[in-house]
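Being a predicted model, the structure only gives us computed values, none of them experimental.
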Amino acid sequence: MTALARFFASDSQRHDGVRPVQIWGLRLFFFLMLVFVTPFAWRVLLTHEGPWDPLRAIAFAVWATYPALAFFGLLNPLRWLPLMFFTIGYKAVWLAFVAYPLWQAGTLWGTPTGEIASSFLALPLLAAVVPWGYAWRTYFAWPRRGFQSRPVSA
């Protein structure tokens, strides 16, 4: 098997059947979060003057925190996969409830909302690198052996 073929083949010994291309894709997105979102959010928090709008402050606090946790995702992408679920979830909800109605009305582009929407348009790529089979088995599916009889110790 060539190195290129191994990159796209599942690796049951190293990553629980997850393809190396997905592991490196997750690392790429964790890296992008860490490098682009974290400094921006922290700069806004640290340079803000005056009273905060509470909801705006929540947004920047969240943006300062979860991309900083992406550092750990670089080290162990599968363990930090729930961070990707959060990212995909909030971006999808925002696109559906905020951007889509504006896009339908023809008023999205050329506005601050349009700038945010364009930064969220990589969402399908992010969803593509998530190993959904692994995610289902690990985080969502009912445990296979959850209620089977276990040896009883005396």
Side-chain angles (χ1 to χ4, degrees), residues 1-48 52 54-103 108-109 111-148 150:
M1 184 182 293
T2 67
L4 184 62
R6 279 194 302 267
F7 191 63
F8 289 97
S10 66
D11 188 347
S12 60
Q13 294 189 354
R14 290 191 58 204
H15 303 295
D16 293 327
V18 175
R19 294 176 173 89
V21 66
Q22 291 173 305
I23 297 293
W24 285 103
L26 288 170
R27 284 188 171 126
L28 173 66
F29 278 101
F30 282 128
F31 177 76
L32 293 174
M33 280 187 223
L34 187 64
V35 170
F36 290 109
V37 180
T38 303
F40 171 72
W42 279 102
R43 185 177 48 245
V44 170
L45 288 172
L46 293 173
T47 60
H48 180 79
W52 279 96
L55 292 179
R56 183 176 161 83
I58 287 172
F60 279 103
V62 169
W63 286 338
T65 304
Y66 90 84
L69 292 172
F71 172 78
F72 300 106
L74 286 171
L75 303 175
N76 195 339
L78 293 178
R79 182 172 291 172
W80 287 86
L81 201 50
L83 198 58
M84 286 298 174
F85 303 150
F86 172 77
T87 304
I88 291 169
Y90 94 82
K91 288 182 178 183
V93 168
W94 189 90
L95 285 170
F97 286 93
V98 177
Y100 182 70
L102 295 175
W103 178 74
L108 176 63
W109 303 117
T111 66
T113 306
E115 289 179 28
I116 294 172
S118 66
S119 72
F120 286 3
L121 290 180
L123 189 62
L125 293 175
L126 177 58
V129 299
V130 170
W132 292 106
Y134 172 84
W136 178 257
R137 289 188 310 270
T138 306
Y139 297 104
F140 304 116
W142 194 263
R144 287 184 179 172
R145 299 179 55 194
F147 291 110
Q148 292 180 352
R150 294 183 178 156

Got a second to check how far [X]'s [atom1] is from [Y]'s [atom2], nearest 0.5 Å?
{"X": "Phe86", "Y": "Ile88", "atom1": "CZ", "atom2": "CD1", "result": "12.0 Å"}
{"X": "Leu28", "Y": "Gln22", "atom1": "CG", "atom2": "CD", "result": "13.5 Å"}
{"X": "Trp80", "Y": "Leu75", "atom1": "CH2", "atom2": "CG", "result": "10.0 Å"}
{"X": "Thr113", "Y": "Leu108", "atom1": "OG1", "atom2": "CG", "result": "7.0 Å"}
{"X": "Leu46", "Y": "Phe60", "atom1": "CG", "atom2": "CZ", "result": "12.0 Å"}
{"X": "Thr138", "Y": "Leu81", "atom1": "OG1", "atom2": "CG", "result": "8.0 Å"}

Grab the two heavy atoms, one from [X] and one from [Y], that are nearest each other, plus how far apart they are.
{"X": "Ile116", "Y": "Ser119", "value": "O-OG, 2.7 Å"}
{"X": "Ala99", "Y": "Ala117", "value": "CB-CB, 4.0 Å"}
{"X": "Ala64", "Y": "Leu45", "value": "CB-CD1, 3.5 Å"}
{"X": "Thr87", "Y": "Met33", "value": "OG1-CE, 3.7 Å"}
{"X": "Arg27", "Y": "Gly73", "value": "CG-O, 4.4 Å"}
{"X": "Gly114", "Y": "Trp109", "value": "O-CZ3, 3.3 Å"}

Are there over 12 heavy-atom neighbours, none belonging to [X], within less than 6.0 Å of that residue's [atom1]?
{"X": "Tyr90", "atom1": "OH", "result": "yes"}
{"X": "Phe36", "atom1": "CZ", "result": "no"}
{"X": "Phe97", "atom1": "CZ", "result": "no"}

Practice problem: Among residues two or more places apart or on two chains, list those pairs meeting side chain to side chain donor-acceptor pair (under 3.5 Å) that have a residue in residues 29-45. | Solution: none

Quiz item: Restricting to pairs with a member in residues 121-135, which pass side chain to side chain donor-acceptor pair (under 3.5 Å), not counting sequence neighbours?
Solution: none

Practice problem: Might you work through the side-chain contact (heavy atoms from CB on, under 4.5 Å) test for Val130 and Phe85, ending with a clear yes or no? | Solution: CA-CA 9 Å; Val130 170; Phe85 303 150; 4.1 Å; yes

Quiz item: Taking only residues two or more places apart in sequence, or in another chain, which ones meet Val37 in a side chain to side chain contact (heavy atoms under 4.5 Å, CB included)?
Solution: Trp63, Pro67

Exercise. Kindly determine whether Phe29 and Leu125 satisfy side-chain contact (heavy atoms from CB on, under 4.5 Å), including the steps that lead there.
Key: CA-CA 9 Å; Phe29 278 101; Leu125 293 175; 3.9 Å; yes

Exercise. Just do the side-chain contact (heavy atoms from CB on, under 4.5 Å) check on Arg79 and Phe72 with the steps written out, would you?
Key: CA-CA 9 Å; Arg79 182 172 291 172; Phe72 300 106; over 6 Å; no

Exercise. Determine, using ring centers only, whether Trp94 and Phe120 are less than 6.0 Å apart.
Key: yes

Quiz item: Passes side-chain contact (heavy atoms from CB on, under 4.5 Å), Phe30 versus Leu26? Steps please.
Solution: CA-CA 6 Å; Phe30 282 128; Leu26 288 170; 4.2 Å; yes

